[in-house]
Structures are given as C-alpha cells and as structure tokens.
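A quick write-up on the structure given underneath.
Keep in mind that the numbers below use all heavy atoms, side chains included, and drop hydrogens, waters and symmetry copies. Both counts, for ligands and for their atoms, begin at 1 and track the order of listing.
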Amino acid sequence: MKARVAILPGDGIGPEVTAQGVRCLQQVAQRFGHQFELTELPFGGAAIELHGDPLPAATLEACRGADAVLLGAIGGPKWSAPDAPLRPEAGLLRLRRELGLFANLRPVSVQPALADASTLKADTVRGVDLVFVRELTGGIYFGAKERSATRASDLCVYTVAEIERIVRVAAALARSRRGRLTSIDKSNVLETSRLWREVTQRIMDSEFPDVKLEHVLVDAAAMHLIRRPRDFDVLVTENMFGDILTDEASMLTGSLGLLPSASLGADRRGLFEPIHGSAPDIAGRGIANPCGTILSVALLLRHSLQLPAEAAAVEQAVGDALAAGARTADLVAPGAQALSTAAAGDAVLSRLARS
Ligand code: NAD
C-alpha cells in the first residue's frame with residue numbers, strides 16, 4: 001500500500017526515539033512491500049525556535065494531508081517559564097483539536113521478560129494486558145476557567161454526544177479483545193459522571209450487549225489497578241481521570257519508556273506517540289528507550305494504515321528483543337551494561353527482518 005506519514009520529532013529525546021521509529025517504518029515498508037512517504041516537520045519547542053510558533057502552518061497542513069502522524073515528544077525547561085509567551089504544549093493541544101482526535105488509547109501490557117522490572121510484585125503484574133481509552137477533548141481541562149484574588153474555578157462539561165462517541169470506540173475495542181469494558185466515573189458525587197454512567201449503560205445495552213460492562217468509581221479504580229490489574233481488559237473514562245490513571249497504569253510495566261499511545265478521531269487518521277515526555281535529564285546522550293515509540297509505530301500500522309499483520313510483527317520483534325535481554329539504561333539492573341537508543345533499535349529491527 002501507499003501511505004503518507006508526517007514525522008514530528010519535537011524536543012529533547014523526541015528526535016532520538018523518533019529516529020528509531022522511522023527506521024522501523026522503513027523496514028516494514030521494505031519487508032512487506034509498502035510505499036511510505038515520510039515527511040519530517042518542525043513541531044513544539046523546535047518549531048518555536050525556527051518559526052516562532054509551536055505548530056507552524058506548514059506542519060499543520062502536512063499533518064492534515066497525512067494518513068497518520070508520528071510524534072516524539074515536546075517541551076523542556078527552555079520553554080516552561082511561568083511567563084513564557086509560547087509553549088510547546090499549546091501546539092499539541094491545537095494539533096489534537098485541529099485533527100479532531102477525541103480518543104486516546106494507551107495499551108499497557110507487561111512483557112513477560114520484564115515482570116520483575118515493575119515496582120509492584122512480579123506475581124501481581126505478570127500477564128497484565130489492558131487498554132485505557134481516555135476522552136481527550138472535553139471535561140474540566142477545556143471548560144471555562146475563572147480566577148480572582150480569592151477564588152478560582154474550572155468548569156467540567158460533558159455532552160451526551162461526546163460520551164456516546166468515546167464509549168463506542170472503547171466498546172468496539174473491547175469486542176475485538178476479551179469482551180470486557182470497565183467504565184470509570186465519580187457518579188456518587190459529580191453530575192457529569194451521572195450522565196456518563198447513564199449514557200454508557202444505554203449505549204452498551206443497545207449496541208454492545210455481547211460486551212460485559214462494569215462501572216467502577218474512580219477512587220476504587222485507582223486501587224484496583226494496582227491490586228488486581230490482570231482483571232482489566234478495556235477501561236474507558238473522562239479526560240482528567242484518564243490523565244491520572246494512565247500514568248498510574250504505566251508503572252505496572254516498569255518504565256515510562258516502554259509505553260505507546262494513539263489519539264484517534266472519527267476517521268482512521270491518528271496521532272501516535274510514546275507516553276513519555278522530552279526527558280531533558282537524559283536528552284542528547286543517546287540512552288533513551290525507543291520501545292514506546294516503536295510500539296507507537298505498531299499502533300499507527302494497526303489503526304491508521306489498517307495493517308494488523310505488520311503491527312503484530314513489530315510488537316513481536318520488540319517482545320523478542322526484550323526477552324533476549326536488550327535493555328536500555330531505564331531497564332537494566334544497577335551496574336549492568338545498557339544498550340544505547342540506536343543499539344536497542346538495532347535489536348528490534350534485526351528481529352523484524354527475520355519475522
Ligand atoms: P518525562 O516523561 O520527560 O520524564 C520523566 C522521567 O522518565 C525522566 O527521568 C526521564 O529521563 C524518564 N524517561 C522518559 N522517557 C524515557 C525514555 N524513553 N527512556 C528512558 N527514560 C525515560 O517527564 P517530565 O520530566 O515530567 O517532562 C519533561 C518535559 O516533557 C516537560 O517539558 C513536559 O511538559 C514534557 N512532556 C511532554 C509530553 C508530550 O510530548 N506528549 C508528555 C509529557 C511531558
């Protein structure tokens with residue numbers, strides 16, 4: 001197939017890990033006979049430096065015209081002063097809005113070889129395989145904000161249509177996996193959560209009767225995620241709860257550097273990025289873990305390019321490389337030899353070539 005992918009390396013370790021994602025896309029194209037047109041574009045802090053805008057018009061245009069977008073990470077101390085006039089994060093929020101990306105998927109699966117890498121007991125995390133579906137464009141982050149000298153408020157708003165569309169994405173995903181959906185809310189206190197629960201129940205009863213639904217309060221979900229994480233399949237929740245719980249869930253795997261994400265809209269086009277940030281503390285040293293980005297390439301292949309076999313081959317190659325002991329510094333035992341970012345990329349690509 002032919003496809004266009006916009007590549008946004010961004011800041012800090014973003015360009016280092018994105019380079020490995022690009023190599024992976026090139027190898028998939030060669031190995032499976034596809035033509036991928038990859039176009040690199042400035043974004044985030046790098047684009048502020050070059051064009052005075054975190055999302056220059058040419059970058060947005062190229063993303064609109066692409067089948068998918070692969071992003072590294074953005075941000076850093078240079079652009080985070082409280083009075084900074086331009087912030088890289090503003091570019092990301094605008095890009096998500098412009099592309100209509102309302103569903104954020106974060107798969108969390110514990111690689112068998114890394115069950116010991118989590119701060120939780122190996123017996124608790126072994127076999128964990130869940131996906132968070134977080135609503136990305138509504139709720140308290142986007143509601144009206146007010147501030148006076150003595151008072152501040154943030155408004156949380158959800159509409160029926162916003163809840164329906166995210167629940168449908170999550171339920172369809174659950175149907176393609178183990179058929180279980182957990183909806184997380186705070187319906188004992190919040191009106192938006194009562195609407196969330198009502199709409200979710202209606203959609204599931206009428207359109208997905210074959211998917212098993214449970215409702216869990218967000219405080220209980222925070223506890224169950226680390227007490228019995230294996231019990232979950234797909235979890236759907238609103239923007240702020242999802243923001244917090246997905247960071248908690250990422251720790252089940254042992255390193256932030258391992259986790260991919262996909263942001264999807266009404267059509268197949270999506271934005272794919274590792275969940276970590278630009279890691280200024282290790283940037284420029286060539287030691288970042290590229291697996292989160294390479295696994296984001298797998299999600300890109302599956303969701304935007306509809307190439308499930310290619311996606312599975314990439315995931316298998318990452319799993320095999322980790323099982324064979326390929327470890328970057330974030331995963332090695334203290335004092336043990338760690339692979340560089342490029343060498344970890346090599347370890348995955350050599351297995352992909354043999355798949
Ligand atoms: P971070 O995710 O960048 O780093 C947290 C810790 O994890 C650091 O110690 C870092 O070294 C480590 N880490 C992260 N990714 C790693 C990888 N691939 N391999 C090995 N170790 C890795 O979070 P932070 O330090 O809170 O934020 C740094 C900057 O990133 C901030 O400017 C923040 O706004 C930005 N940020 C951007 C995104 C994004 O681009 N979507 C997401 C989160 C944070």
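Taking each heavy atom of F241 and S193 in turn, the nearest pair found is CE1-OG, 4.1 Å.
Ligand-side atoms of ligand 1 in range of G257: 17 (C), 18 (N), range being under 4.0 angstrom from any heavy atom. Near G76, meaning under 4.0 Å from one of its heavy atoms, ligand 1 places the atoms 32 (O). Within the listing of ligand 1, atoms 41 (N) sit less than 4.0 angstrom from a heavy atom of E273. Shown in contact with A73 at under 4.0 Å from a heavy atom are these atoms of ligand 1, numbered in order with element: 40 (O). The L256 neighbourhood of ligand 1 comprises atoms 2 (O), 5 (C), 7 (O), with distances under 4.0 Å to a heavy atom of that residue. Those atoms of ligand 1 with a heavy atom of G75 less than 4.0 angstrom away are 32 (O). In summary, the atoms of ligand 1 found under 4.0 Å from a heavy atom of L92, numbered by their order in the structure, are 41 (N). Remark: ligand 1 atoms within the under-4.0 Å shell around heavy atoms of A279 are 3 (O), 10 (C), 11 (O), 14 (C).
Judged by the 6.0 Å and 45° rule, R165 forms a cation-pi pair with F102.
A salt bridge is absent between E37 and K2: the closest approach of a Lys/Arg side-chain nitrogen to an acidic carboxylate oxygen does not fall below 4.0 angstrom.
Within the 4.5 Å cutoff, the side chain of V236 has heavy atoms near those of the L181 side chain. Between V167 and V133 there is no side-chain heavy-atom pair separated by less than 4.5 Å. V157 is not listed as a side-chain neighbour of T192, based on a closest heavy-atom distance of 4.5 Å or more.
Ranking the protein heavy atoms by distance from atom 14 (C) of ligand 1 puts H276 CB, 3.6 Å first. Atom 30 (O) of ligand 1 has its closest protein heavy atom at S278 N, 3.0 Å. Nearest protein heavy-atom contact of atom 22 (C) of ligand 1 is I282 CD1, 4.0 Å. When hydrogens are left out, the protein atom nearest atom 19 (N) of ligand 1 is N289 N, 2.9 Å; that is the closest non-hydrogen contact. Annotation: atom 33 (C) of ligand 1 to nearest protein heavy atom, E89 OE2, 4.0 Å. Considering only non-hydrogen protein atoms, atom 11 (O) of ligand 1 sits nearest to D281 OD1, 2.8 Å.
In R4, the CZ atom is not crowded: 12 or fewer heavy atoms of neighbouring residues, nucleotides or ligands sit closer than 6.0 Å. Under a cut-off of 6.0 angstrom, the local environment of CD in E248 is crowded, with over 12 non-hydrogen atoms contributed by other residues, nucleotides or ligands.
Proximity of I74 to ligand 1, defined as any heavy-atom pair under 4.0 Å, is shared by backbone and side chain alike. Here D330 has side-chain heavy atoms under 4.0 Å from ligand 1, and that is the only part of it that gets that close. Of the heavy atoms in I13, only side-chain atoms (C-beta onward) come closer than 4.0 Å to ligand 1.
Side chains of S304 and R268: no donor on one and acceptor on the other come within 3.5 Å.
Residue contacts with ligand 1 do not include G292, since none of its heavy atoms lies under 4.0 Å from the ligand. Remark: distances from the non-hydrogen atoms of S80 to ligand 1 are all 4.0 Å or more.
Looking at G277 next to ligand 1, an N or O pair under 3.5 Å apart turns up.
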Full working for salt bridge (charged side-chain N to carboxylate O under 4.0 Å, His left out) between R94 and D53: CA-CA 11 Å; R94 193 148 69 84; D53 182 353; 3.4 Å; yes
Steps toward side-chain contact (heavy atoms from CB on, under 4.5 Å) verdict (L305, L300): CA-CA 7 Å; L305 306 192; L300 183 158; 3.8 Å; yes
Candidate pair D243 and Y141, rule side chain to side chain donor-acceptor pair (under 3.5 Å), full reasoning: CA-CA 10 Å; D243 192 9; Y141 291 177; 2.8 Å; yes
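Contact annotation for atom 40 (O) of ligand 1: protein present (non-hydrogen atoms, distance under 4.0 Å). Within the 4.0 Å cut-off (strictly below), a protein heavy atom is located near atom 9 (O) of ligand 1. Put simply, atom 36 (N) of ligand 1 has protein non-hydrogen atoms near it, under 4.0 Å away.
The line from OG1 of T137 to CG of N239 is 7.5 Å long, rounded to the nearest 0.5 Å.
Within the set G14, P280, S255, the minimum heavy-atom distance to atom 28 (C) of ligand 1 is found for P280.
Relative ring orientation between F272 and H303 is described as parallel, the plane-to-plane angle staying below 30° on a 0-90° scale split at 30° and 60°.
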